Every structure is written in structure tokens, then in C-alpha cells.
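Ligands are counted one by one from 1 in listed order, and the atoms in each one are counted from 1 as well. Every value quoted in this text rests on a predicted model; they were computed, and no experiment measured them.
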Amino acid sequence: MFKRILSFYIFLALSMLVGCSNDYKPTLSREAKFFAPVYEPVNSRVAIATSNQGRDIECIIHGYGDDTILFIASIHGDETAGTFLLESLDTYLKEHPEFLVGKQLIIIPVANPDGFAAGSRFNANGVDINRNFPADNRVNNKINGFAGLSEPESRAIDSVIRIYKPNRIIVFHEPLDCIDYDGPAQNLAQLLSKTCKLKVKKLGAREGSLGAYAGEDLGIKVVTVELPEEAKNLSQTQLWQQYAKLIFTAINGR
Ligand SMILES: [Zn+2]
């Protein structure tokens with residue numbers, strides 16, 4: 001009980017720090033539930049924020065340790081193969097918790113739940129979440145959002161990055177059939193490329209993208225796995241067979 005109360009007050013202090021750095025004012029009760037696990041080993045699925053249409057933005061947390069890895073899928077709601085991969089990863093880790101000694105995984109399986117439900121790249125406001133981050137190269141407009149972090153989906157991801165400080169971020173997209181990277185992630189990208197048919201290709205950080213923000217500006221290793229067009233036609237089992245090794249390497253690689 002004492003640990004829980006302590007966690008709550010540590011969260012309050014953290015949330016005030018985050019609050020100082022931008023205008024995001026998270027709902028206390030939801031975020032308190034989410035951030036408390038930083039201090040305790042957990043294997044849990046929690047709602048970290050709510051989309052414009054009222055859908056939960058969920059986060060799965062596995063393991064506990066100094067090496068933190070963030071996985072994200074369906075930031076573009078019509079690029080869903082990564083979501084199936086991350087759900088398979090969740091199932092695998094529940095059955096093999098020993099796999100994560102000294103590591104903590106933060107998984108956001110559906111970063112844009114309104115777009116996911118509508119089969120749309122954009123969120124319910126018509127904003128591209130992967131152009132809505134406060135990167136140095138951002139451009140404000142209708143598609144990118146009229147301000148960085150104007151959308152609940154990008155704010156949720158930004159909060160996770162600020163609180164958990166991941167050592168590397170792996171994001172799944174489609175259908176460009178390559179592995180792209182931002183920040184100091186060239187070696188990791190090459191390591192992941194060896195596990196599958198995807199070749200490393202530097203696409204260049206798009207304006208206000210997660211890669212531009214977290215990779216180029218914050219200096220975190222960001223690898224973007226651009227699955228091929230055919231990924232849409234693969235079953236969850238087939239996807240796992242083809243890309244489980246990439247995911248395991250991302251977890252173990254530095
Ligand atoms: Zn995409």
C-alpha cells in the first residue's frame with residue numbers, strides 16, 4: 001500500500017515536470033494508473049489517453065529494467081499489420097516472461113484508434129499523427145495539425161517518451177518495403193535488416209514526424225519498419241513467422 005501511495009506522489013511530481021514543458025494537461029486519474037507502473041514490474045494493458053472519438057489509446061507494459069524499448073503500430077490507421085505483430089508479441093511475452101530480464105517493453109499496438117476503426121491514415125480530425133510532433137522541421141497546416149501535439153494521439157506518444165525515456169523506438173508502417181531510421185539508429189537498422197528481406201533505406205525525416213522529433217531532435221534511436229504491400233494479405237501467424245526475429249533482435253539489440 002505504501003509503495004502505491006509513494007508511486008502516486010512520484011507521478012504527481014513527474015506530471016508537474018511534464019506540465020512545465022508543454023501545455024498538455026493529462027487527465028489525472030487515467031495517467032495516474034498508467035505512470036505508477038514505472039516503479040513496479042508489471043505485465044498489464046492500460047488506457048493512457050482517449051482519442052477524439054472517445055476510444056482508448058492503449059499501452060501494454062512488459063517487464064522491468066534499465067533497457068526500455070518502445071514499440072508503436074497503426075499511427076497511420078490504415079497500416080495495421082504492425083498491430084497484429086505487436087499483439088503476437090504480447091501473447092509471446094505472457095508465455096515467456098523470462099525473455100525480458102533487465103528490459104522493459106512499452107507497446108502501443110494502435111496509436112491511432114479512430115483511424116484504425118475507419119480504415120484511414122488520419123485521425124478523426126483529419127490530421128496525420130506522424131506529422132503532428134513538435135520537431136524542428138515541423139510545418140503547421142490542416143493535415144499536419146495547426147500546432148505540434150495538437151492531437152491526443154501524438155500527446156499520448158510524447159508522454160510515454162518523456163516519462164519512460166526509451167533507448168530505442170520501433171515503429172511499424174506500410175507499404176514502402178524497407179527499414180528506415182532516424183537519430184543514431186543506423187547500426188540497429190542494419191541489424192534488423194539481417195533478420196528479414198527488408199533493406200535499409202534512408203527516406204529522410206518527414207516534417208513533424210516521430211522520426212524527426214524523437215530521432216533527430218531528441219537523439220533517440222528510431223527505426224521505422226516499412227512492411228511491404230503484401231503484409232496486408234498475411235495472417236497474424238504468417239506475419240509473426242516472418243517478423244518475430246526482427247522484433248526479438250530489436251528487443252535484444254542496442
Ligand atoms: Zn505510415
Side-chain angles (χ1 to χ4, degrees), residues 51-52 55 57-58 70-87 89 107-135 137-139 141-145 148-158 160-161 166 168-183 185 188-189 192-193 196-217 220-234 236 239 242-243 246-247 250:
S51 70
N52 290 305
R55 293 186 174 88
I57 300 170
E58 290 187 333
L70 171 60
F71 285 95
I72 302 172
S74 292
I75 193 169
H76 290 142
D78 58 346
E79 300 169 12
T80 59
T83 294
F84 297 112
L85 277 171
L86 295 183
E87 292 293 352
L89 174 62
I107 300 171
I108 304 177
V110 183
N112 174 8
D114 293 345
F116 186 90
S120 165
R121 175 183 180 90
F122 308 102
N123 78 347
N125 286 337
V127 173
D128 186 331
I129 300 306
N130 202 35
R131 302 288 182 275
N132 192 236
F133 291 91
N137 70 352
R138 81 161 279 107
V139 174
N141 60 36
K142 193 167 183 293
I143 296 287
N144 299 348
L149 301 182
S150 63
E151 305 307 305
E153 295 87 357
S154 49
R155 288 199 297 268
I157 293 170
D158 182 54
V160 168
I161 291 171
R168 50 199 176 279
I169 302 173
I170 315 297
V171 195
F172 290 95
H173 284 262
E174 296 159 40
L176 299 181
D177 196 13
C178 64
I179 293 178
D180 184 22
Y181 65 92
D182 294 288
L188 179 60
L192 300 192
S193 174
C196 61
K197 291 177 183 168
L198 303 175
K199 301 277 177 266
V200 176
K201 189 174 174 186
K202 194 84 176 82
L203 299 173
R206 309 292 165 87
E207 58 199 38
S209 68
L210 180 62
Y213 174 57
E216 302 298 330
D217 297 353
I220 301 169
K221 295 173 188 173
V222 178
V223 172
T224 301
V225 180
E226 280 276 359
L227 296 168
E229 183 79 45
E230 66 175 26
K232 283 197 187 316
N233 302 321
L234 298 179
Q236 185 166 351
L239 283 166
Q242 288 196 23
Y243 297 105
L246 179 150
I247 289 175

Looking at the Zn ion (ligand 1), which N/O/S atom of [X] is the nearest one?
{"X": "H173", "answer": "ND1"}
{"X": "E79", "answer": "OE1"}
{"X": "H76", "answer": "ND1"}

- [ ] Anything under 30° is parallel, anything over 60° is perpendicular, the rest tilted; go ahead and classify F133 against Y213.
- [x] parallel

- [ ] Among D128, D78, D114, find the residue that satisfies the salt bridge (charged side-chain N to carboxylate O under 4.0 Å, His left out) test when tested with R121.
- [x] D128

Task: Whether E174 side chain and T80 backbone form a donor-acceptor pair below 3.5 Å - done: yes

Task: Partner set under ring-ring contact (aromatic ring centres under 6.0 Å, His included) for Y243, not counting sequence neighbours - done: none

